[in-house]
Amino acid sequence: MTTQGDDYQTSVLSGVEDSAGNDYESRQGGLGFGLLVLRLGLGVIMGAHGLQHLFGAFGGPGVGGFAHVLEMFGYHKQTTLLSWITGITEVAGGALVIVGLFTPLAAAGLLGVAANIVYAKFHGGFFQGTGQGWEYELLLGLCALTLIFTGAGTISLERNTPWRKRPLPLGLISLLLAAAASVVVIVLTR
C-alpha cells in the first residue's frame, strides 16, 4: 500500500468544504435559473392561450368561439363572461409569472384555470388522443402549483419581497384562493 499524502483526492468532491459562512442563495446553484425557465415556459404557454381566447390570436377562437367551446365542455351559464375571465387570467397571470411579480398569486390564477379544464375534461380520459385528455392541463397545473410554493426565485422582480423569504404562508393562501375560485366557477357556471 502506498501513501499518497494529504492532497490525494478520492472523489470529485474531495477538498470541497461545507462552509457554514455561505449565505443561503449562494448554495442554491442553478435554482434561480431553473425557476426562471419554469416561469417562462408556463407564462408563455398560458399567455398565448389567453391571447387565443381573448383576441383569436394564433388561430384561436376568440371570446365568442371560446364561449362555445366552454358550452361543449359543460359550462352553460355566463359562458361569455367566463371566457373573458379565463382569457384575462391567462394573459395577466402569464405575464406576471414571466416577470416574476406576485408569482404565488399569479400562479394561483393559472392553477385555477388548469384545475377547471381538468375537471371539464376528466370524463375524456387521461391522454390527449382525441382532444379530450387532460394530462397536458394537469402538467400546467402542477407547474403553477410548484411556483405557488417556490415563488419566482432570485431572477425576478420580487427578489426583495417579504413572501420570497417566507413563501409558505402566501403559498397556502394562494392555494386556497385557487381552490375557492375553481369551486365557485364550477358551481356557478355548470
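The chain is numbered in sequence order, starting from 1.
Judged by distance alone, with hydrogens and angles left aside, the side-chain atoms of Gln52 form a donor-acceptor pair with the main-chain N or O of Phe58 at under 3.5 Å.
Taking both residues in full, the closest heavy atoms of Thr154 and Gly32 are given as OG1-CA, 3.5 Å, listed atom of the first, atom of the second, then distance. Between Leu147 and Ala107, the closest heavy-atom pair is CB-CB, 4.0 Å. Residue Ser174 comes nearest to Ala108 through the heavy atom pair O-CB, 3.3 Å, listed as atom of the first residue, atom of the second, then distance. The shortest heavy-atom contact between Leu175 and Phe149 is CD2-CZ, 3.9 Å. The minimum heavy-atom distance between Leu70 and Ser83, with the atom names listed, is CD1-OG, 3.6 Å. Contact detail for Leu111 and Ala178: the closest heavy-atom pair is CD2-CB, 4.0 Å.
The number of heavy-atom neighbours closer than 6.0 Å to CZ of Phe33, taken from other residues, nucleotides and ligands shown, is 12 or below. A 6.0 Å sphere centred on CZ of Phe102 holds no more than 12 heavy atoms belonging to other residues, nucleotides or ligands.
Ring pair His53/Phe66 is parallel by interplanar angle, where below 30° counts as parallel and above 60° as perpendicular.
The CD1 atom of Ile186 sits 4.5 Å away from atom CG of Asn116, with the distance rounded to the nearest 0.5 Å. Here NE2 of His49 is found 8.0 Å from CD1 of Ile117. Values are rounded to the nearest 0.5 Å.
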Stepwise side chain to side chain contact (heavy atoms under 4.5 Å, CB included) check, Met46 with Val97: CA-CA 10 Å; Met46 294 298 279; Val97 162; over 6 Å; no
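Residues Leu140 and Leu110 fail the side-chain proximity criterion, which asks for heavy atoms closer than 4.5 Å.
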